[in-house]
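Working notes for the structure below.
Along the sequence shown, residues are numbered consecutively beginning with 1. Start at 1 and go down the list; that is how both ligands and their atoms are numbered. Heavy-atom basis, side chains included; hydrogens, waters and symmetry copies ignored. Since the structure is predicted, the reported quantities are computational estimates derived from the model, not experimental observations.
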Amino acid sequence: MPSGMRYSTLEERKQYYEREFPLKRVGDWFGERENTVFAMILGRHTGIVLPEYRDIINNTVVVDDYKNLEDVREFIIQYIPEGVYYDRNLYSDIEGCSKCGMEPRDCWNCKYFLGQELAFDIDPENVVCPYHGNYEKKMEIHQGLSFCMYEFKVVRRKTLELYEELNKHYNELRFVYSGRGFHIHVMDPEAIKIKKKEREKLGKKWAEKYPIDPWVTSGEMRLIRLPYSLHGMVSRICILLSLGEIKSFDPRKDRKCFPSFLKM
Ligand SMILES: [Zn+2]
Ligand SMILES: [Zn+2]
């Protein structure tokens with residue numbers, strides 16, 4: 001892992017969500033969007049979890065019954081997870097869809113399903129590194145989820161290249177530092193309607209060219225890290241970045257992505 005990046009402790013996670021997590025900005029991210037489902041992963045990658053949740057350390061805890069974002073924050077503080085996500089699917093009725101009788105992956109045909117936010121996860125684990133090898137090699141030496149600055153710089157450049165490509169078709173692109181690489185979210189309304197088959201094709205076509213995770217683009221993986229949440233493996237905040245900021249963004253040094261427990 002690049003220097004200075006490390007797992008957050010339970011106390012640090014708690015402190016972040018109690019004192020710093022900017023709910024107003026999270027609200028701005030979603031704007032008019034309704035019926036968002038949130039999810040938390042408690043300790044799958046770090047092994048760090050509250051003792052009372054030891055049994056569900058690897059589970060995805062879904063938050064779909066809440067009044068407002070303050071309520072969501074309270075769930076987060078109850079579990080203090082290593083990662084917080086949201087479901088990119090748009091539902092007209094969450095409860096209706098949860099009872100529609102279909103497997104989640106088939107809900108593309110369910111009547112409560114409106115579409116899915118298109119997103120790209122440009123990830124260092126998909127970069128072939130001269131020091132650490134390809135994805136398979138990294139998994140073999142148990143370094144699948146750690147990464148190095150060589151890989152980070154490749155994904156940073158690829159994010160800008162993918163932006164150039166997407167900008168030919170879309171206008172509302174947003175960039176989020178994912179804690180490891182970057183996410184590009186396509187917020188143009190027509191992108192929500194793209195069919196599953198089309199997304200699968202896109203994922204395949206660009207997986208190698210832009211080290212993206214094809215499962216995220218295809219929609220098979222619906223969850224994406226919540227902007228402004230704390231990435232508990234690297235102790236960084238998943239901040240929004242402007243296009244201009246990406247070029248020289250360095251998560252080892254840029255204090256905008258530092259939680260205050262690292263600033264002391
Ligand atoms: Zn459904
Ligand atoms: Zn490497």
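No side-chain N or O of S235 forms a donor-acceptor pair with one of E12 less than 3.5 Å apart. Between the side chains of Y53 and Q78, at least one donor N or O lies within less than 3.5 Å of an accepting N or O.
With F182 as reference, F152 is the one residue of Y163, F152, F175 to meet the ring-ring contact (aromatic ring centres under 6.0 Å, His included) rule.
Atom ND1 is the N, O or S atom of H132 at the shortest distance from the Zn ion (ligand 2). As for E151, its N/O/S atom nearest the Zn ion (ligand 2) is the one called OE2.
For the pair SG of C110 and SG of C97, the angle at the Zn ion (ligand 1) is about 100°; rounding is to 10 degrees. The SG atom of C107 and the SG atom of C100 subtend an angle of 100° at the Zn ion (ligand 1), given to the nearest 10 degrees. The SG atom of C148 and the SG atom of C129 subtend an angle of 110° at the Zn ion (ligand 2), given to the nearest 10 degrees.
Ring geometry, F38 versus F30: the interplanar angle exceeds 60°, so the pair is classed perpendicular (tilted spans 30 to 60°).
A donor-acceptor contact shorter than 3.5 Å is absent between the side chain of Y66 and the backbone of N68.
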